Amino acid sequence: MRLNLLKSTIIALFMSVTAGVSAQNPGYVNVMDYIKDLTADVAPAIQKAIDENPNRVIFFPDGKYTISAPILTPADPEKSVCLELSNYAVISPSEGWDSDEAMIRLGGKNPANTIVVPGSNYYLSGGILDCGGVAKGVSIDSGRETVIRNTSIKNALVGIHIKKGANNNSSDADIHDVNITGNMSPECVGVFIEGFDNTLTNMRIYRTQIGVLLNSRGNVLRNIHPLYGSPGDELFETGVGFYDKGGSNWFDYCYSDQHATAFITEADGSIFHDCFAYWYSNRGKKHSAFRTSGVFNSTVTNFTMGVDGGNATDENIILDEGDTSTRGTGCFDHLRIANPEYITSVSHEKYTVD
């Protein structure tokens, strides 16, 4: 009797949750209900779909969506929406794109600071943002705990820009399973973070001058892989995998691949665990694993540096320290060096822990 009652309760609960969901009301808004012609500028139609459907998922079927202006989603939980792109839905800028803002601005209107009100959990998921070599991909302008996931960003000037959040500059964003390809201009950045307390996981970043640029603290990066891919050598010397200006950030299994400088650390230093850097060509004159403008204050554990012996360049340095007049508070614990005979400086040894 009790088992049958439990089954009946579960069935009733399921029916109540799914009530009203049908072919006529699938539980989301199809953006094509607002778009009449995909060959024209669809920015006004997309914005109208967002503005008229608070607390709904806006679904983009496969197709190419050309926009002349940024698309803004609300941060206000009573007005927010989620953008769900089918795998081959492509959003691109129109010819003559001249906006300094990203194509998609999450929380770009109706700013808010809450995580407890239903509707605060909005996201961008799936699809392709093809920036055409001229536009920025997506920004997080306001709100907290905003999610970007399973998205491909191509040909971007800046792939993702996380601005200062509404909670004392804390944005608390979660970015995962996103791949970014830059336009390889001198200003090209994969991820630019100004807000605090964000988490980035499982990302590949290619053809950017700086893979990840952090101007803030409290960020966690796990399994992030920037790969330098400029076809020429004119920009190689200034290429950086991870540029940490904020300090007090955490890096776990982050891999700088072929950037002239793998990690730049400033301020109070950060934590690097199981990270590595590798060079397999002799481009440029110097390969540096870590570089600072002052003393070295970061804690580095289980770090691996690899230089392809046949392609070692003139200088292969584990630590390029700007101020050598005194010792910082940093350390290298369990440092691994592939082909140590090609390392041209021992500047790191005063920080090495046996």
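None of the values given here were measured: they were computed from a predicted structure.
Remark: the backbone N or O of G195 is paired with a side-chain donor or acceptor of S216 at under 3.5 angstrom. Using a distance-only test at 3.5 Å, with no hydrogens or angles considered, no donor-acceptor pair links the side chain of S139 to the main chain of R105. Checked by atom type and distance alone, the side chain of N249 pairs as donor or acceptor with a backbone atom of N219 at under 3.5 Å. Distance alone, capped at 3.5 Å, places no donor-acceptor pair between the E321 side chain and the S347 backbone. Although no hydrogens or angles enter the test, the distance criterion places a donor-acceptor pair under 3.5 Å between the side chain of S298 and the main chain of S270. Checking side-chain atoms of N297 against main-chain N and O of T329 turns up a donor-acceptor pair under 3.5 Å. Judged by distance alone, with hydrogens and angles left aside, the side-chain atoms of Q209 form no donor-acceptor pair with the main-chain N or O of M184 at under 3.5 Å. A side-chain donor-acceptor contact under 3.5 Å links T114 to the backbone of V116. A donor-acceptor pair is defined here as one N or O able to donate and one able to accept, closer than 3.5 Å; no such pair exists between the side chain of N155 and the backbone of G133.
When ring centroids are compared, F332 and F296 come within the 6.0 Å threshold. Between F263 and F272, the gap from one ring centroid to the other is short of 6.0 Å. Taking the six-membered ring for Trp, F276 and F303 have ring centres at least 6.0 Å apart.
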From CA spacing to verdict: side chain to side chain contact (heavy atoms under 4.5 Å, CB included), I153, T151: CA-CA 7 Å; I153 303 173; T151 299; 4.1 Å; yes

Stepwise side chain to side chain contact (heavy atoms under 4.5 Å, CB included) check, I224 with V212: CA-CA 9 Å; I224 311 298; V212 180; 4.1 Å; yes

Residues W97, K136; criterion side chain to side chain contact (heavy atoms under 4.5 Å, CB included); working and verdict: CA-CA 10 Å; W97 178 272; K136 301 172 183 177; over 6 Å; no

Step-by-step side chain to side chain contact (heavy atoms under 4.5 Å, CB included) determination, M203 to I175: CA-CA 9 Å; M203 297 180 64; I175 317 297; 4.0 Å; yes

Stepwise salt bridge (charged side-chain N to carboxylate O under 4.0 Å, His left out) test for D320 and K286: CA-CA 10 Å; D320 187 0; K286 180 191 291 187; 3.2 Å; yes

Evaluation steps, side chain to side chain donor-acceptor pair (under 3.5 Å), between D41 and S94: CA-CA 7 Å; D41 172 25; S94 62; 5.7 Å; no

Audit row: S152, N179, side chain to side chain donor-acceptor pair (under 3.5 Å) steps and yes/no: CA-CA 5 Å; S152 180; N179 67 74; 3.0 Å; yes

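At most 12 heavy atoms of other shown residues, nucleotides or ligands fall within 6.0 angstrom of atom CG in D100. Residue F236 places its CZ atom among more than 12 non-hydrogen atoms of other residues, nucleotides or ligands, all under 6.0 Å distant. Surrounding CZ of R149 are more than 12 heavy atoms belonging to other residues, nucleotides or ligands, all under 6.0 Å away. The neighbour count for E341 CD, taken as heavy atoms of other residues, nucleotides or ligands under 6.0 Å away, is above 12.
Classification of K109 and D76 as a salt-bridged pair fails, no side-chain N sitting under 4.0 Å from a carboxylate O.
Follow the hydrophobic side-chain contacts under 4.5 Å out from V353 and you never reach V346; the two are in separate clusters. Under a hydrophobic clustering in which Ile, Leu, Val, Met, Phe, Trp and Tyr are joined whenever their side-chain heavy atoms come within less than 4.5 Å, directly or via other members, Y122 and L83 fall into the same cluster. Hydrophobic clustering (ILVMFWY, side-chain heavy atoms < 4.5 Å, transitive): W279 and L319 are in one cluster. One hydrophobic cluster, built from ILVMFWY side chains closer than 4.5 Å, cannot hold both I58 and V90; they sit in different ones.
Between R144 and S170 the shortest heavy-atom distance is CG-O, 4.0 Å. Taking each heavy atom of Y228 and T208 in turn, the nearest pair found is CD1-O, 3.8 Å. Nearest approach of S248 to R217, heavy atoms of both residues: OG-NH1, 3.1 Å. The minimum heavy-atom distance between S99 and P70, with the atom names listed, is OG-CG, 3.5 Å. Nearest heavy-atom pair across P226 and G211 is CB-CA, 3.9 Å.
Side-chain contact between I148 and L106 is present, with at least one heavy-atom pair separated by less than 4.5 Å. Looking only at side-chain heavy atoms (C-beta outward), N215 and F192 come within less than 4.5 Å of each other. The closest side-chain heavy-atom distance from H176 to V147 is below 4.5 Å. Looking only at side-chain heavy atoms (C-beta outward), L38 and K64 stay at 4.5 Å or farther from each other. In this structure, F251 and L214 have side chains that are in contact, with non-hydrogen atoms separated by less than 4.5 Å.
Ring geometry for H225 versus Y255: interplanar angle under 30°, hence parallel rather than tilted (30 to 60°).
The CD1 atom of I317 lies 5.0 Å from the OG1 atom of T344; values are rounded to the nearest 0.5 Å. A distance of 11.0 Å separates CH2 of W250 from OG1 of T299, quoted to the nearest 0.5 Å.
Residues satisfying the side chain to side chain contact (heavy atoms under 4.5 Å, CB included) criterion with Y206, sequence neighbours excluded, are T181, L227.
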Which pairs would a plain distance check flag for residues 157-165, meaning a side-chain donor or acceptor within less than 3.5 Å of a matching protein atom at least two apart in sequence or in another chain?
from, atom 1, to, atom 2, distance (Å)
H161, NE2, E194, OE1, 2.7
K163, NZ, E101, OE1, 2.9
K163, NZ, D141, OD2, 3.4

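Applying the salt bridge (charged side-chain N to carboxylate O under 4.0 Å, His left out) definition to pairs two or more places apart or across chains, none involves residues 77-88.
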